[in-house]
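Please read the structure below before turning to the comments.
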Amino acid sequence: MTLSFKERIPISEALRKAEGDRVLIAGWVHTVRVVGGVSFVVIRDRSGMVQCVAKKNVNPEAFNIVKELGSEDVVAVKGSLISSKASLGGKEIVIDEIYVISRAAKPVPIDPDDWEKTSLATRLDWRFLDLRSPRNRVIFEVTDVAINAMRDFYRSNGFIEIFTPKIVAEATEGGAEVFPVIYFDRNAFLAQSPQLYKQMMVISGFERVFEVGPVYRAEKHHTNRHLTEYESVDIEMGFIDDHEDVMRMVERAVQHTIETVSSKYGKIVEEYFKIKLDTPKYVPRITFREAHKLLESNGFKQPDPNDIDSEGEKALGEIIEREYGTQLFYVTEYPWVKRPFYTMKKDNDPNYTKSFDLIYRGMEIVSGSQREHRAEVLESQIKEKGLSVESFNFFIRVFRYGAPPHGGSGLGLERLVAQMLGIKNIREARLLPRDPERLTP
RNA sequence: GCCGCGGUAGUAUAGCCUGGCCUAGUAUGCGGGCCUGUCGAGCCCGUGACCCGGGUUCAAAUCCCGGCCGCGGCGCCA
């Protein structure tokens with residue numbers, strides 16, 4: 001007897017069929033239970049799970065096959081749908097024929113059924129098994145919905161998607177936090193940001209560009225919110241009045257994204273992550289200096305006037321939530337000393353910048369600013385930051401042939417998804433994370 | 001890079017402080033058995049582990065040193 005998957009239907013579809021309908025389903029063995037002369041197997045595919053049953057005195061062949069099944073074997077079942085009071089969901093499949101397609105070695109090194117039982121490190125070592133867990137796959141289905149929502153949003157607002165080099169000749173921001181790579185007989189680096197390229201493309205005449213791509217940071221962070229490789233959603237837009245124009249665009253993109261995820265996955269997110277996804281309607285702005293005052297007045301001493309420590313940042317989130325009733329807000333006008341050389345300073349207040357961070361549920365998910373587009377000012381800011389003008393000449397010359405006022409931002413995709421789902425460790429929100437220690441799988 | 005805590009069967013943990021009573025406990029998985037409606041199945045039997053290297057000691061899972069790895073914090077940042 002030959003088996004063709006062409007007739008195979010997803011389990012969720014099979015469960016919608018009428019009683020008595022014959023179906024072919026296939027998937028992984030979730031659990032097996034043998035109770036005397038009845039054997040049960042719960043089969044899982046990407047769409048859901050269903051219990052299949054074989055009785056010894058009705059179908060002894062199937063009964064015996066089911067009895068010998070192990071976790072994560074791949075099987076196909078032909079059978080008919082019946083309603084069953086005893087079965088969860090009210091329906092199950094009576095097995096006519098069952099095929100073992102692939103056996104799983106025993107014991108399975110992690111328990112896909114109960115992801116909480118295994119430490120994240122071990123789960124990541126066995127990520128392909130970890131992702132058998134529906135709950136864990138939801139993270140990446142949500143990521144997919146989120147990134148498509150972002151793309152749709154930016155496209156419909158006149159942005160075009162661009163692809164810029166990830167192998168670069170210079171450290172873009174002059175810092176040391178780049179990975180060197182050997183490029184034939186020269187040294188090169190992995191891009192830590194598409195920053196300079198996207199500005200270049202605005203000035204080229206695209207006016208509005210965005211890019212979704214990996215960025216690399218050679219920082220030995222050991223935290224629950226840093227990766228050495230992450231997916232950045234970068235935008236850059238020309239002909240703006242100030243950073244507020246960028247902020248309005250970004251907040252709408254984020255709202256649209258949360259909205260889309262909520263409408264497509266809200267129920268599932270609530271089921272698996274016990275978190276309610278509602279779209280923040282109003283995104284308050286608070287300047288860096290106001291934030292400082294707010295923290296001081298709430299009893300959080302901030303020793304560095306140019307900085308907010310992470311304890312302060314967390315507290316700020318709580319204060320904002322209490323006072324404005326939102327988990328999404330901007331901190332704006334960061335001190336010049338804290339921002340990169342290409343950031344535009346405030347016109348009449350050069351110690352502060354036309355910059356912003358977007359904080360969602362207590363974590364920075366976006367950073368952006370208006371950029372300095374005047375070549376001579378840019379050059380002096382490069383000097384001011386102690387960088388070498390020669391090594392940035394390739395960049396400065398871009399601004400000498402007609403550069404409109406522009407600005408943009410970068411959003412950490414894994415951070416956004418982690419915060420939407422209430423995930424504590426960002427590694428969980430990346431399919432195959434890279435951190436200072438982990439380079440495999 | 002620095003700091004803190006940690007590394008015990010496939011997985012998750014107890015034991016470590018106060019070295020010997022550890023033949024290393026428990027749960028789950030895995031193997032076997034019983035059970036004709038289980039669904040966190042149940043019951044019985046079995047299997048399986050002290051991260052690596054060095055040191056202290058009559059004796060090390062336990063104390064000390066180094067390494068590697070894990071989790072988190074700092075700096076920094078998406």
Side-chain angles (χ1 to χ4, degrees), chain A residues 30-42 49-58 60 63 66 68 70-72 82 84-90 92 94 104-126 129-130 173 175-177 192-195 213-234 250 304 307-311 313 334 338-340 357-360 363-368 409-419 424-427 429-430 435-440:
Chain A
H30 193 66
T31 54
V32 180
R33 276 182 292 272
V34 182
V35 184
V38 190
S39 55
F40 301 94
V41 54
V42 175
M49 296 196 228
V50 66
Q51 175 168 280
C52 305
V53 60
K55 291 189 182 181
K56 196 177 190 171
N57 61 3
V58 177
F63 172 85
V66 171
E68 299 304 318
S71 288
E72 303 307 315
I82 60 158
S84 156
K85 287 190 292 284
S87 183
L88 213 75
E92 63 183 10
V94 176
K106 290 174 186 175
V108 176
I110 63 168
D111 188 350
D113 183 34
D114 215 343
W115 63 277
E116 278 178 302
K117 280 192 176 157
T118 307
S119 67
L120 182 57
T122 306
R123 288 172 48 204
L124 292 175
D125 287 340
W126 293 95
L129 291 175
D130 182 50
E173 303 187 10
E177 69 277 13
Q192 51 159 206
S193 154
Q195 185 59 35
V215 297
Y216 300 89
R217 303 279 163 98
E219 299 273 357
K220 290 203 168 185
H221 306 290
H222 293 93
T223 75
N224 61 358
R225 61 187 185 282
H226 288 93
L227 296 166
T228 52
E229 178 181 53
Y230 70 89
E231 219 59 28
S232 180
V233 182
D234 270 273
V250 169
D304 184 351
D307 202 9
I308 293 174
D309 58 34
S310 51
E311 196 188 340
E313 200 166 83
Y334 280 84
K338 286 282 157 188
R339 287 281 160 161
D357 279 3
L358 183 64
I359 319 285
Y360 180 39
M363 191 185 291
E364 290 176 39
I365 59 162
V366 179
S367 189
S409 67
L411 173 147
L413 183 61
E414 294 85 354
R415 283 194 178 182
L416 172 64
V417 171
Q419 292 311 93
K424 298 284 189 297
N425 190 323
I426 195 157
R427 283 164 253 233
R430 176 109 188 149
D435 66 31
E437 264 63 51
R438 180 176 293 275
L439 199 50
T440 57

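Letters A, B, ... mirror the listed sequences (proteins, then strands); counts begin at 1.
- Residue A:K56 places none of its side-chain N or O atoms closer than 4.0 Å to OP1 or OP2 of B:rC35.
- Residue A:L227 is in base contact, counting any heavy-atom pair closer than 4.0 Å across all strands shown.
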Every protein N/O lying under 3.5 Å from an N/O of nucleotides 7-14 of chain B:
residue, atom, partner, partner atom, Å
B:rG10, O2', A:P109, O, 2.9
B:rU11, O2', A:T118, OG1, 3.2
B:rA12, OP1, A:S119, N, 2.9
B:rA12, OP1, A:S119, OG, 2.7
B:rA12, OP1, A:T122, OG1, 3.3
B:rA12, O4', A:K117, O, 3.3

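- Put simply, CG on A:N425 is 15 Å from C1' on B:rA78, counting in whole angstrom units.
- No contact: A:D125 has no heavy atom under 4.0 Å from any strand.
- The distance between atom CD1 of A:I308 and atom P of B:rC77, rounded to the nearest whole Å, is 13 Å.
- Taking atom CZ of A:R33 as the reference point, atom P of B:rU36 lies 17 Å away to the nearest angstrom.
- Nearest-nucleotide positions on RNA chain B for A:R427 and A:D357 put A:R427 closer to the 5' end.
- For the P atom pair drawn from B:rG25 and B:rU18, the interatomic distance equals 24 Å after rounding to whole Å.
- The separation of B:rC58 from B:rC50, taken at their P atoms, amounts to 26 Å, rounded to a whole angstrom.
- Backbone-only contact: A:V366 has heavy atoms under 4.0 Å from sugar-phosphate atoms and none from a base.
- B:rA59 and B:rG20 have their C1' atoms separated by 7 Å, given to the nearest Å.
- Residue A:D357 forms a salt bridge (Lys or Arg N to Asp or Glu O under 4.0 Å) with just one option from A:R415, A:K338, A:R339, and that option is A:R339.
- RNA chain B forms stems at B:1-7 with B:68-74, B:10-13 with B:25-28, B:29-34 with B:42-47, B:51-55 with B:63-67, each a run of 3 or more consecutive Watson-Crick or G-U wobble pairs whose two key distances fall under 3.5 Å.
- The side chain of A:E313 lies closest to B:rC77 when the candidates are B:rU38, B:rC30, B:rC77.
- In this structure, CD of A:Q192 is placed 11 Å from C1' of B:rC77, rounded to the nearest angstrom.
- In this structure, A:Q419 atom CD and B:rC77 atom C1' are separated by 14 Å, rounded to whole Å.
- Of the candidate nucleotides B:rU38, B:rG1, B:rA78, B:rA78 has the atom lying nearest to any side-chain atom of A:S367.
- The nearest whole Å value for the distance from the CD atom in A:E364 to the C1' atom in B:rG75 is 14 Å.
- Closest to the A:E437 side chain, of the nucleotides B:rU38, B:rG1, B:rC69, is B:rC69.
- When each of B:rC35, B:rG31, B:rG70 is scored by its nearest atom to the side-chain atoms of A:K106, the top-ranked nucleotide is B:rG31.
- Using atom C1' as the reference point in both B:rG10 and B:rG29, the two lie 7 Å apart (nearest Å).
- Sequence order on RNA chain B of the closest nucleotides to A:V38 and A:R415 puts A:V38 first from the 5' end.
- As rounded to the nearest Å, B:rA27 and B:rU8 have C1' atoms that lie 15 Å from one another.
- Classification of A:R430 and A:E229 as a salt-bridged pair holds, one side-chain N sitting under 4.0 Å from a carboxylate O.
- Nucleotides B:rG70 and B:rC52 place their C1' atoms 15 Å apart, quoted to the nearest Å.
- Between A:H221 atom NE2 and B:rA78 atom P the separation is 9 Å, expressed in whole Å.
- A side-chain N or O of A:R217 and one of A:Y230 form a donor-acceptor pair less than 3.5 Å apart.
- The nearest whole Å value for the distance from the CZ atom in A:R225 to the C1' atom in B:rC77 is 8 Å.
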